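See structure below.
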Amino acid sequence: MENVVYFSDINKLKSNNLDCDRIYFGNEFCDERIPSLDDLRVAISIAKERNKGFGFVTCYVSEYKIEKYYCLLNALAELLPGSEVIINDWGILKICLQNNLTPVLGRLLVRQKRDPRISSFMKLLPDLSKLRLHQTGLSNYFKDFLKTQCINRIELDNLIQGIDINELQDVNFNYSIYIPYGYVTTTRICFFRNKNLSKDKRFSILPCTNKSNCGLAKLHNRQIKDILFMRGNTIFFKNTSQVFLKSDSRIDRIVHELEIPD
Amino acid sequence: MFIVAPISRVAEVTSVIEAGADEIYCGLLVNEQLDSHGNVNCLNRRAEISSNLTNYEELKEVIGIARSKNTPVNLALNEFYGQDQVFMALRQLEKSMECGIDRIIVADIGLLSEIKNRKYPNLKIHISSCASVFNSETIEFYKMFNLTRVILNRQLTLSEIEHLNRSFGELEMEVFILNERCYNIDGFCTFLHGRFSSAYNNFTRLALNIMQNKIIEYIPRSILRVLHRNVVKNSLTCCSSYIAQDGQMGSDNEVGGLKEKIVFSNPDLFLQACGICALYDFYKIGVKFFKISGRSLLANKTADIRLVKEAISILQGEQLEKKEFCIKIKKLIHQKYSRACSPEYCYYYDTAAF
């Protein structure tokens with residue numbers, strides 16, 4: 001099993017003792033927090049110095065921010081040819097392939113059902129329906145398409161209701177799993193960005209004013225027995241169970257989130 | 001400028017078209033699906049039976065009525081599918097094509113890919129808002145599936161829409177104009193929608209059918225509105241309330257401090273989200289298709305369509321400044337719905353002249 005530690009903050013990467021095989025650096029959820037070219041260079045040089053594998057994590061991205069990725073992926077291809085790029089926006093795929101980088105299907109493009117209420121009504125459902133709620137939501141047609149795009153690795157969340165290990169036996173793919181935080185939903189309307197604005201502006205998509213310090217809150221809801229976490233523009237669940245380790249599957253990488261990603 | 005409006009029943013088609021819809025869209029929730037999956041994992045993201053047509057005969061009727069009025073019908077197949085569901089979606093697509101469907105709304109890459117392989121020459125592909133298009137590279141990516149239209153995500157700003165529309169003149173662009181502006185990005189949100197139960201048995205299906213087709217029109221709208229609001233509040237996790245405990249950076253153990261009650265999508269305002277003022281800008285930048293979201297009561301559907309239709313005719317008939325247009329729209333909303341415009345749930349806040 002390959003162990004990865006995921007960093008979105010370069011200072012935390014610098015100060016970590018990196019007891020892992022690979023580092024992930026970047027951001028999945030907010031295009032206001034796409035790393036600078038300097039930070040990417042530092043992250044790559046740390047990976048090289050410490051002899052660690054490297055994966056660059058990318059996010060869904062607006063029209064005005066995609067320029068940044070042209071530059072970053074170009075630099076990545078020069079500094080570390082063939083590096084992995086975790087894609088969470090289909091638009092990034094082409095840029096990645098043009099630079100001969102190795103695309104990995106990020107968890108935002110994997111259609112697992114992450115609603116934390118699921119485990120509470122699961123027993124009421126027909127068997128096929130239950131099965132879908134444990135599965136990735138990637139049909140064979142989808143996987144065939146991934147092969148044509150040179151994607152051989154798929155990244156998953158560690159669902160509260162459990163994952164269907166049998167689905168992950170396909171020899172054409174390897175799987176990574178993120179622990180302990182799984183994402184539930186994300187938005188461009190950042191609660192923390194907007195919470196002090198007048199009521200009429202709270203629903204707006206506005207530039208971030210605090211890029212160095214994403215907000216964090218615990219969320220309690222009477223329909224959901226697990227506590228959720230809101231970090232910046234994204235809501236997460238927490239699942240520390242590692243039942244998947246006992247099974248024979250193609251999960252060969254664990255992505256450790258030392259804190260809730262931002 | 002074309003209005004794309006929803007229908008949930010055959011009986012609604014004529015009224016919706018007469019109210020001014022230029023295209024209609026619908027979903028199907030057939031018995032085969034209910035038997036195997038209940039109403040979870042519905043093929044078009046609308047888990048409620050009342051939001052869907054329930055068999056192919058109904059679909060055929062809908063298409064027949066719409067065709068007689070020169071109105072295209074779009075079928076929503078915009079969920080993300082696992083293996084058995086993608087087979088079900090393809091079956092639904094092929095049977096629907098036999099009924100006359102020639103336009104579908106799709107988000108799933110597996111389905112898009114297989115549709116491309118099977119080569120349906122007359123089928124028009126509309127990329128769903130759930131496909132999460134935020135930039136031109138993503139549109140370039142989806143173009144490999146021979147799409148004709150992109151339904152842009154709800155969470156794009158007006159300037160982003162303008163940019164995308166300008167860059168892809170060969171494609172039709174559709175934007176949301178009324179109702180259901182969710183706080184979350186629909187293509188990335190993994191909350192399930194709906195109240196879930198075991199597979200509906202035949203009695204429940206019959207009861208719902210009678211309720212939907214025979215009784216509902218006799219229940220006062222005010223009561224239905226309250227019922228609808230409660231269904232939304234209890235079935236959509238994003239519309240229910242949370243207690244948020246403000247926290248610090250770092251591990252979740254450090255969280256503590258102030259508590260605040262928050263609702264991401266207020267059920268009243270969520271249902272009334274509106275972007276009609278932005279028609280002014282869409283007219284100028286050349287966006288032509290306007291989606292009215294929601295599958296509520298017929299009376300609401302037709303009122304919404306009339307409102308958008310009237311706004312379009314004001315826009316096309318009078319030479320107004322943006323501010324004058326917005327003032328007229330606000331008056332119109334007040335007159336039609338007896339409520340004030342809610343800037344909090346404005347689809348395109350950056351454009352509205354408040």
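Sequence lines set the chain letters: A, B, ... in the order given, protein chains first and strands last, and positions in each chain run from 1. Given the structure is predicted, the values throughout are model-derived calculations rather than measurements.
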Counting only non-hydrogen atoms closer than 4.5 Å, does A:Lys195 touch chain B with its backbone (N, CA, C, O), its side chain (CB onward), both, or neither? side chain
Let me confirm one number: the CD-NZ distance from B:Glu140 to A:Lys94, rounded to the nearest 0.5 Å. 5.0 Å
Okay, B:Leu156 and chain A: the region with an atom under 4.5 Å from a heavy atom over there is both
Just by distance, do the side chain of A:Asn221 and the backbone of B:Ser241 share a donor-acceptor pair under 3.5 Å? yes
Can you tell me which portion of B:Asn184 sits under 4.5 Å from chain A's heavy atoms? Options are side chain, backbone, both or neither. both
Is it the backbone or the side chain of A:Gln112 that comes under 4.5 Å from a heavy atom of chain B, or both, or neither? backbone
Would you mind telling me which of A:Asp127, A:Thr186, A:Thr136 has the largest number of heavy-atom pairs within less than 4.5 Å of chain B? A:Thr186
For side chain to side chain contact (heavy atoms under 4.5 Å, CB included), just list the numbers for A:Ile189 and B:Arg181, CA-CA rounded to whole Å, side-chain angles, deciding distance to a tenth of an Å, and then say yes or no. CA-CA 11 Å; A:Ile189 305 162; B:Arg181 188 193 183 205; 4.1 Å; yes
Residue, of A:Phe191, A:Tyr183, A:Tyr141, A:Phe142, that accumulates the most heavy atom pairs under 4.5 Å with chain B: A:Tyr141
In a check of side-chain contact (heavy atoms from CB on, under 4.5 Å) between B:Phe188 and each of A:Asp89, A:Thr187, A:Asn88, A:Leu109, which one passes? A:Leu109
Chain B contact via A:Leu146 - side chain, backbone, both or neither, heavy atoms under 4.5 Å: neither
I'd like to know if the side chain of A:Arg117 reaches the main chain of B:Leu192, judged simply by a donor and an acceptor atom lying under 3.5 Å from each other, with no hydrogens or angles considered. yes
Heavy-atom pairs under 4.5 Å with chain B - which of A:Leu138, A:Val61, A:Ile66 has more of them than the others? A:Val61
Spacing of A:Asn140 atom CG and B:Gln83 atom CD [to the nearest 0.5 Å]: 4.0 Å
For B:Phe141, is it the side chain, the backbone, both or neither that has a heavy atom under 4.5 Å from a heavy atom of chain A? side chain
Is the backbone of A:Lys113 close enough, under 3.5 Å, to the side chain of B:Thr190 for a donor and an acceptor to pair up by distance? no
Looking at B:Phe134, B:Tyr242, B:Tyr183, which one has more heavy-atom pairs under 4.5 Å with chain A than the rest? B:Tyr183
Does a salt bridge link A:Arg188 with B:Glu160, judged by any charged N lying under 4.0 Å from a carboxylate O? yes
Under 3.5 Å, side chain of A:Glu63 to main-chain N/O of B:Ser136, donor-acceptor pair present? yes
What pair of heavy atoms forms the shortest contact from B:Gly110 to A:Ser139, and how long is it? CA-OG, 3.9 Å
Structural part of A:Leu206 lying under 4.5 Å from a heavy atom of chain B: neither
Contact part of B:Ile161 toward chain A, heavy-atom cut-off under 4.5 Å: side chain, backbone, both or neither? neither
Give the minimum heavy-atom separation between B:Phe80 and A:Arg132, together with the two atoms involved. O-NH2, 3.4 Å
Interface moiety of A:Ile227 toward chain B, non-hydrogen atoms closer than 4.5 Å: neither
Roughly how far, to the nearest 0.5 Å, is the OH atom of B:Tyr348 from the OG atom of A:Ser204? 13.5 Å
Interface moiety of B:Tyr81 toward chain A, non-hydrogen atoms closer than 4.5 Å: backbone
Need one label for A:Leu131: side chain, backbone, both or neither, based on atoms under 4.5 Å from any heavy atom in chain B. neither
What distance separates B:Leu112 CG from A:Phe145 CZ, expressed to the nearest 0.5 Å? 9.0 Å
Heavy-atom nearest pair, B:Ser36 first then A:Pro126, reads O-CB, 3.2 Å
Here the gap from B:Ile109 atom CD1 to A:Gln149 atom CD, rounded to the nearest 0.5 Å, amounts to 9.0 Å
Examine whether an atom of B:Asp108 lies under 4.5 Å from a heavy atom of chain A, and if so say whether it belongs to the side chain, the backbone or both; otherwise answer neither. side chain
Could you look at B:Met88 and say if it's the side chain, the backbone, both or neither that has a heavy atom under 4.5 Å from chain A? neither
What's the separation between atom CG in B:Asn135 and atom OH in A:Tyr69, rounded to the nearest 0.5 Å? 10.5 Å
Chain B contact via A:Phe236 - side chain, backbone, both or neither, heavy atoms under 4.5 Å: neither
Greatest number of non-hydrogen atom pairs under 4.5 angstrom with chain B, of A:Ser129, A:Pro116, A:Ser62, falls to A:Ser129
